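For clarity, every value in this text was computed on a predicted model and none was experimentally measured.
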Amino acid sequence: MNKNSRWGISILLAAVISSVMIFPGFAGVISSVTVTVNSELNPGDKLPNISIDNSGSTSVDEGDIVVSVSTDRYYIADAEWITSTSRTMEVGDQPQMKVTLTPVDTNEDYFKGTYRSSNVSVKKGTFVSASKKNDSLIVKLKTKAIKGTFAEPEEACWKDNSKGTAKWSKPSEGGTGYYEVALRRGSSSVHKIETSSTSYNFYPYMTSAGTYSFRVRTIAKTSTEEQYGTKSEWVESGEIYIAKEDVSDGSGQSSSGQSSSDTSTTTAGWRYLNSAWYYYYPDGTYAKNNWAYISESWFLFGEDGKMLTGWQTKSGYTYCLADNGNMSTGWIKEGSRWYFLNIGNDFVLGALLKNRWLELNGSIYYFLSDGVMAEGWTQVDGNWYYFYPGQGNKAVNAWVDTFYVDQDGVWRK
């Protein structure tokens with residue numbers, strides 16, 4: 001074989017190798033996605049069919065909902081409700097849906113790895129979760145909260161055979177479980193309170209003879225509810241007359257607005273006292289120094305009975321409590337750091353993972369002694385592992401720069 005022949009074979013071989021090496025380069029990981037949800041749902045609506053627009057349109061009519069993307073790399077193949085479509089929507093509802101995203105050309109683009117709120121943007125809605133299914137990415141999301149006026153309380157009246165005890169009923173739908181109640185004598189305002197109870201003893205404030213009435217309305221209980229809900233209209237009671245010989249001497253009044261003389265009807269449930277929330281039982285005692293399961297959520301109360309929020313430690317475990325007191329679970333992000341609060345898999349529900357492995361949706365993560373999700377090269381129990389930055393999942397059977405990690409994710413010298 002002459003020199004020119006050898007050069008020809010070398011050039012041909014280089015071309016073949018080059019084509020093999022370049023081919024995967026034509027494909028690209030879709031590292032982030034954006035979905036827009038345009039919703040004009042109103043209280044009282046039933047969930048409509050979801051309209052799909054892959055051109056990025058933002059047009060939507062009242063009572064409708066449109067989910068859209070604006071890209072030439074992937075499109076919405078399907079969108080369906082997770083929330084029941086037979087239920088009537090109420091103020092504050094955030095119905096959930098799942099949206100199926102599919103690459104336009106699976107030979108060029110593909111979904112890979114873990115997707116969460118750091119690389120899935122949901123405009124005009126809230127990201128819930130994302131998972132791969134074949135070539136597609138299934139994104140679960142919530143629409144923006146439905147805005148409107150809270151439903152009015154019902155049947156405002158005076159309790160029979162009781163001096164000055166007001167009572168009312170919860171709205172049949174659309175309420176918050178929290179009320180503003182105002183006592184009047186004639187046209188003059190006497191006393192006003194906020195309560196989660198549906199009755200209140202106004203008698204301690206009936207210190208003058210006259211005709212009394214009260215009115216009650218539904219109000220927001222949390223700052224979140226204030227963002228989407230408006231106070232309901234007042235509901236007026238009938239009148240009762242308190243004669244001079246029957247007036248109260250004022251005992252039992254409370255600066256917090258809660259009468260101490262009627263613990264049987266007014267202390268049960270949530271109470272907001274001195275800028276803090278408490279939870280009272282029917283016998284007048286209250287939750288303190290422990291967890292309480294209320295309305296399908298866990299709440300933690302301090303030694304003084306105050307509902308706790310933010311990061312808290314209990315029985316050696318660390319928890320994160322939302323502004324409304326609900327115990328958080330799953331992923332949370334503070335600054336650039338990710339944490340995971342256990343969702344109940346062979347560990348304490350809601351507890352922050354520390355020095356622990358987590359297998360979730362086919363990926364494996366590790367959390368350091370302070371609870372921070374490991375990223376990059378990390379040594380665990382004497383072995384070196386690599387966790388993809390920004391995603392946290394452990395690399396396995398892969399080259400990281402010039403280092404190889406095996407099927408267990410371990411780099412071995």
Side-chain angles (χ1 to χ4, degrees), residues 30-43 45-53 56-58 60 63-71 74 76 78-85 87 89-101 111 114-132 136-148 150 174 176 220-229 295-298 309-310 320-341 343 350 360-361 390-391:
I30 301 174
S31 58
S32 63
V33 300
T34 300
V35 180
T36 301
V37 184
N38 289 291
S39 171
E40 292 298 333
L41 300 177
N42 298 304
D45 287 347
K46 297 290 183 66
L47 292 179
N49 292 330
I50 303 170
S51 298
I52 295 174
D53 192 316
S57 172
T58 59
V60 59
D64 288 341
I65 188 160
V66 176
V67 59
S68 63
V69 295
S70 180
T71 177
Y74 54 87
I76 300 174
D78 188 31
E80 59 181 297
W81 291 112
I82 298 174
T83 301
S84 171
T85 57
R87 187 166 67 85
M89 293 295 101
E90 300 179 2
V91 176
D93 278 349
Q94 288 186 273
Q96 292 193 44
M97 69 171 72
K98 61 179 180 180
V99 178
T100 302
L101 304 178
F111 296 112
T114 302
Y115 292 81
R116 49 179 181 262
S117 59
S118 60
N119 48 11
V120 178
S121 173
V122 178
K123 295 183 178 179
K124 302 181 181 180
T126 305
F127 171 76
V128 176
S129 65
S131 59
K132 266 199 71 177
S136 298
L137 183 69
I138 310 298
V139 177
K140 293 183 180 179
L141 56 87
K142 296 179 181 178
T143 71
K144 62 184 180 181
I146 296 174
K147 294 185 177 182
F150 295 127
T176 65
K221 182 177 180 180
T222 66
S223 57
T224 301
E225 289 176 345
E226 289 178 345
Q227 295 176 10
Y228 56 73
S295 300
E296 300 184 356
S297 295
W298 283 101
T309 61
C320 186
L321 307 170
D323 290 343
N324 63 0
N326 287 1
M327 180 179 72
S328 301
T329 57
W331 292 103
I332 63 170
K333 186 179 184 182
E334 289 195 352
S336 61
R337 296 183 171 187
W338 282 97
Y339 303 83
F340 192 85
L341 300 156
I343 56 178
L360 185 68
N361 296 330
Q391 299 182 15

Chi angles and distances behind the side-chain contact (heavy atoms from CB on, under 4.5 Å) call for Val120, Val139: CA-CA 8 Å; Val120 178; Val139 177; 4.1 Å; yes
When you look at Met97 and Thr83, which way does the side-chain contact (heavy atoms from CB on, under 4.5 Å) test go after all the steps? CA-CA 7 Å; Met97 69 171 72; Thr83 301; over 6 Å; no
Using the side-chain contact (heavy atoms from CB on, under 4.5 Å) rule, take Val67 and Val35 through it: C-alpha gap first, then chi angles, then the decisive distance, then the call. CA-CA 7 Å; Val67 59; Val35 180; 3.4 Å; yes
Check the pair Lys144 / Glu40 against side-chain contact (heavy atoms from CB on, under 4.5 Å), numbers first and verdict last. CA-CA 9 Å; Lys144 62 184 180 181; Glu40 292 298 333; 4.1 Å; yes
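When all heavy atoms of Phe111 and Leu101 are compared, the closest pair comes out as CE1-O, 3.4 Å. Heavy atoms only, all atoms of each residue included: Leu137 and Lys132 are closest at CD1-N, 4.1 Å. Nearest heavy atom pair, residue Ile146 against residue Asn42, reads CG2-C, 3.7 Å. Nearest approach of Ala79 to Ile52, heavy atoms of both residues: N-CD1, 3.8 Å. Of all the heavy atoms in Gln391 and Arg116, the pair that sits closest is O-NH2, 2.7 Å. Phe150 approaches Ala220 most closely through the heavy-atom pair CE1-N, 3.7 Å.
When side chains are defined from C-beta on, Asn38 counts as touching Lys124, because their heavy atoms get closer than 4.5 Å. A heavy-atom distance below 4.5 Å is found between the side chains of Leu141 and Val99. No side-chain heavy atom of Val69 sits less than 4.5 Å from a side-chain heavy atom of Thr34. Between Asn119 and Ser31, every side-chain heavy-atom pair lies at or beyond the 4.5 Å cut-off. The side-chain heavy atoms of Lys147 and Val91, taken from C-beta on, include no pair separated by under 4.5 Å. Taking 4.5 Å as the limit, every side-chain heavy atom of Pro43 sits out of range of all side-chain heavy atoms of Glu90. Inter-residue side-chain proximity for Pro48 and Lys46 is flagged as unmet; no heavy-atom pair is nearer than 4.5 Å.
How far SG of Cys320 is from CG of Asn326: 11.5 Å, rounded to the nearest 0.5 Å. Here the straight-line distance linking atom OG of Ser39 with atom CD1 of Ile65 works out to 4.0 Å at 0.5 Å rounding. Atoms CD and CD1, from Glu80 and Ile50 in turn, are 7.5 Å apart once rounded to the nearest 0.5 Å. Rounding to the nearest 0.5 Å gives a distance of 8.0 Å between CG of Leu41 and CE of Met89. Note that the CG atom of Asp323 and the OG atom of Ser328 stand 9.0 Å from one another [nearest 0.5 Å]. With rounding to the nearest 0.5 Å, the separation of CG in Leu321 from CE in Met327 is 8.5 Å.
Considering only residues two or more places apart in sequence or on other chains, Phe340 meets the ring pair (Phe, Tyr, Trp, His ring centres under 6.0 Å) condition with Trp331. For the side-chain contact (heavy atoms from CB on, under 4.5 Å) test, residues two or more places apart in sequence or in another chain that qualify with Thr85 are Leu47, Trp81. Partners of Glu334 according to the side chain to side chain donor-acceptor pair (under 3.5 Å) rule, which considers only residues two or more places apart in sequence or in another chain, are Trp311.
Salt-bridge annotation for Asp93 and Arg87: present, with a side-chain N of the basic residue lying under 4.0 Å from a carboxylate O of the acidic one.
Counting non-hydrogen atoms of other residues, nucleotides and ligands closer than 6.0 Å to CG of Asp78 gives a total above 12.
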